[in-house]
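To start, the structure under review is shown below, and the notes come after it.
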Amino acid sequence: MSQPDPSEITPEHIYLNRRQFMLGLGALTAGLALGACGGTTKTPAAATPLNQVTPYSGPETDDLQHELTSYESVTHYNNFYEFSLDKERVAQLAQDFQTSPWQVVMGGLVRNPRSFGLDDLLAFDQEERVYRMRCVEAWSMVIPWIGFPLWKLLEIVEPTAEAQYVRFETLYAPNRMPGQESAVLDWPYVEGLRLDEARHDLTILSTGLYGKSLLPQNGAPVRLVVPWKYGFKSIKSIVKIDLVEDMPLTSWMQASPREYGFYANVNPNVPHPRWSQATERRIGVSGRRETLLFNGYGDQVAHLYAGMDLEKNF
Ligand code: MTE
């Protein structure tokens with residue numbers, strides 16, 4: 001089967017709606033690109049290089065010597081359904097999104113529920129980490145993120161013994177995020193990780209990229225980055241993080257459970273029901289490359305899934 005162009009990819013429920021639209025039976029905005037979507041580590045000498053005007057001077061490749069995707073592409077080819085389903089329009093539609101003041105409320109099954117303002121988050125040492133992101137739509141980028149490991153927040157709030165999963169929520173504010181006026185997903189956007197995945201050192205909360213603060217289109221002021229999973233796990237503009245006992249129902253599982261599993265580990269051997277995951281298109285690079293199991297981070301994360309059938313737990 002030939003690989004789809006990302007702009008042609010559509011979640012099944014929307015795809016079906018669109019077919020109905022084409023057949024004159026239903027209506028969904030036409031002409032939109034739809035779809036869901038995944039190092040080199042360096043701790044900069046200065047802990048908080050955000051908002052700097054100097055050019056980026058960090059590593060030029062990731063741990064596999066893959067070159068960085070351009071800043072222009074990283075900031076102008078985005079998935080952020082709260083603003084648009086058209087990847088090339090998100091940046092413009094999100095440009096006036098106000099991200100200050102901002103609070104991330106952490107609670108649920110924890111000993112010390114806490115609310116973190118942006119300054120609290122920026123007070124953690126902000127490391128620079130170059131990670132590959134592999135979107136479920138079979139394109140990928142290499143991005144120099146700035147952020148800190150999520151485990152640092154988990155250490156502070158102290159999950160109780162009952163806590164098994166972490167549930168993340170994006171801001172819900174249809175007056176500020178126009179895409180939430182449409183029922184394309186059941187808002188707010190929700191994602192989840194198993195607690196051991198959330199505690200893994202590769203899992204970061206990001207506040208910037210390319211040495212600068214995150215722009216709204218990339219999930220300002222704070223988003224998750226989980227490099228061994230498809231990009232849709234990397235939830236943007238987070239306002240709530242809860243420790244919970246049961247596996248959270250994520251937005252994409254709810255929208256289309258056949259297409260999007262909870263684990264969402266990058267796995268070339270498990271095709272998406274409508275296209276292969278064996279290869280990917282690196283944005284800005286011609287041709288296709290083979291997709292690596294766990295997006296190439298297997299030596300660090302495969303043990304988390306020992307004994308699990310990753311074809312069933314996709
Ligand atoms: N987070 C929210 N709140 N809403 C979204 O639509 N899209 C996800 C993820 N996080 C999304 C989100 C998907 S599908 C991908 S591939 C990545 O964000 C894209 O991140 P980027 O635009 O910074 O490359």
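Quantities reported herein were computed from a predicted structural model and do not represent experimental measurements. Counting convention: from 1, in listed order, for ligands and their atoms alike.
- Shown in contact with T170 at under 4.0 Å from a heavy atom are these atoms of ligand 1, numbered in order with element: 3 (N).
- Within the cation-pi definition used here (under 6.0 Å to the ring centroid, within 45° of the axis), K236 does not qualify as a partner of F168.
- Those atoms of ligand 1 that come under 4.0 Å of a heavy atom in I235, given as number and element, are 1 (N), 10 (N).
- Taking the ring centroids of H200 and W228, they lie under the 6.0 Å cut-off.
- For ligand 1, the atoms lying closer than 4.0 Å to a non-hydrogen atom of N78 are 21 (P), 22 (O), 23 (O).
- Under a 4.0 angstrom heavy-atom cut-off, S237 registers as lying outside contact with ligand 1.
- Residues R114 and V105 have side chains not in contact (no heavy-atom distance under 4.5 Å, counting atoms from C-beta outward).
- By the 4.0 Å heavy-atom criterion, R223 is counted among the residues contacting ligand 1.
- Selection from V225, N79, V184 by nearest heavy atom to atom 19 (C) of ligand 1 gives N79.
- W102 is connected to L209 through a chain of hydrophobic side-chain contacts under 4.5 Å among Ile, Leu, Val, Met, Phe, Trp and Tyr, so both are in one cluster.
- Ring-centre distance between F80 and F97: not below the 6.0 Å cut-off.
- Considering backbone and side-chain N/O atoms, Y77 never comes within less than 3.5 Å of an N/O atom of ligand 1.
- For N218, a nitrogen or oxygen atom sits less than 3.5 Å from a nitrogen or oxygen atom of ligand 1, counting backbone and side chain alike.
- Note: an N/O pair closer than 3.5 Å links E82 and ligand 1 by distance alone.
- Tracing side-chain contacts under 4.5 Å through hydrophobic residues (I, L, V, M, F, W, Y), one reaches L121 starting from I238; they form part of the same cluster.
- When non-hydrogen atoms are compared, ligand 1 lies under 4.0 Å from the side chain of Y189 (C-beta onward) but not from its backbone.
- A cation-pi arrangement, defined by a distance under 6.0 Å to the six-membered ring centre and an angle within 45 degrees of its axis, is present between R132 and Y297.
- The proximity of E137 to ligand 1, defined as any non-hydrogen pair under 4.0 Å, does not occur for either the backbone or the side chain.
- The six-membered or imidazole ring of W187 lies away from that of Y81, with a centre-to-centre distance of 6.0 Å or more.
- Remark: ligand 1 atoms within the under-4.0 Å shell around heavy atoms of Y81 are 5 (C), 6 (O).
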